[in-house]
Amino acid sequence: MTIKYTAMNLGALEATDIKISIPTWPNDLFENVDGDVTTTRSRLLPGEIFSHTFTVKPKKPFNLLAVDSRAQIEYRYGNDDPPMEKVGKTSGFKNIEVLTLKKYRKLTVSQLDESKYFIAG
């Protein structure tokens, strides 16, 4: 399963000290295959987009229940202004069934066979 973060600077000033992470990431449920869950960037210019991906593999089948995501931003209107903080929330997906490759193949083997016969026929 590949997960992608995308951050965009919508402001008129450069963003600095950017950190994107999932503090409650369930390490006991996933094996990290490629990349890191947490990423940082020293700066992001106005209008610039930054993306980060990482790949994980489930250790066992389970249902993934998501919570609302949260973005915490500290910003300034000008270089001499005091920092301000804003917290935004979005509602996440509610329930996703995560399967190991072995379990997925077992559940979809009949569908794969039907496709094979349909294409070959």
Side-chain angles (χ1 to χ4, degrees):
M1 180 165 72
T2 300
I3 298 165
K4 180 179 181 179
Y5 303 140
T6 301
M8 180 178 188
N9 182 355
L10 298 175
L13 301 174
E14 112 179 333
T16 57
D17 301 323
I18 299 133
K19 179 180 178 182
I20 303 173
S21 67
I22 304 174
T24 58
W25 182 255
N27 285 318
D28 57 324
L29 299 176
F30 292 101
E31 176 186 334
N32 194 333
V33 175
D34 186 40
D36 292 320
V37 175
T38 299
T39 185
T40 59
R41 179 105 181 227
S42 60
R43 65 186 197 142
L44 201 59
L45 298 175
E48 188 177 6
I49 297 172
F50 167 62
S51 293
H52 172 75
T53 59
F54 64 97
T55 304
V56 294
K57 181 172 75 172
K59 293 180 179 178
K60 60 184 177 183
F62 64 94
N63 283 335
L64 182 63
L65 300 174
V67 295
D68 293 343
S69 60
R70 178 177 179 264
Q72 183 173 340
I73 303 162
E74 184 179 287
Y75 61 96
R76 299 172 191 264
Y77 285 107
N79 291 335
D80 297 328
D81 293 332
M84 313 224 5
E85 187 174 285
K86 184 172 186 172
V87 176
K89 293 183 179 182
T90 61
S91 52
F93 51 85
K94 296 303 176 199
N95 185 10
I96 292 182
E97 186 177 2
V98 178
L99 305 173
T100 61
L101 183 58
K102 182 177 179 181
K103 176 90 172 178
Y104 173 78
R105 286 183 174 156
K106 185 176 180 180
L107 291 173
T108 61
V109 70
S110 62
Q111 295 169 359
L112 295 174
D113 284 344
E114 288 174 19
S115 298
K116 180 174 67 175
Y117 292 126
F118 179 75
I119 293 169

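When a residue number appears, it is its place in the shown sequence, counting from 1.
Summarising the local packing, NZ of Lys60 is surrounded by 12 or fewer heavy atoms from other residues, nucleotides or ligands at distances under 6.0 Å.
Rounding to the nearest 0.5 Å gives a distance of 12.5 Å between NZ of Lys57 and CZ of Phe30. Note that CG of Asn27 and CG of Leu29 are 9.0 Å apart. Values are rounded to the nearest 0.5 Å.
Side chain of Tyr5 to backbone of Val37: a donor-acceptor contact under 3.5 angstrom is found.
When all heavy atoms are compared, the tightest approach of Ala12 to Pro46 is O-CG, 3.3 Å. Here the shortest heavy-atom pairing between Leu13 and Asn9 reads O-ND2, 2.8 Å. In terms of heavy atoms, Leu44 sits closest to Ala7 at CD2-O, 4.0 Å.
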All N/O donor-acceptor pairs, side-chain side in residues 47-55, below 3.5 Å, sequence neighbours left out:
| unit_1 | atom_1 | unit_2 | atom_2 | d |
| --- | --- | --- | --- | --- |
| Glu48 | OE1 | Leu45 | N | 2.7 |
| Glu48 | OE2 | Arg41 | NH2 | 2.8 |
| Ser51 | OG | Thr6 | OG1 | 3.3 |
| His52 | NE2 | Asp36 | O | 2.7 |
| Thr55 | OG1 | Thr2 | OG1 | 3.3 |

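Counting only heavy atoms from C-beta outward, the side chains of Ile3 and Trp25 approach each other to under 4.5 Å.
Applying the salt bridge (Lys or Arg N to Asp or Glu O under 4.0 Å) test to every pair with at least one member in residues 11-30, sequence neighbours left out, gives these pairs: Glu14-Arg43.
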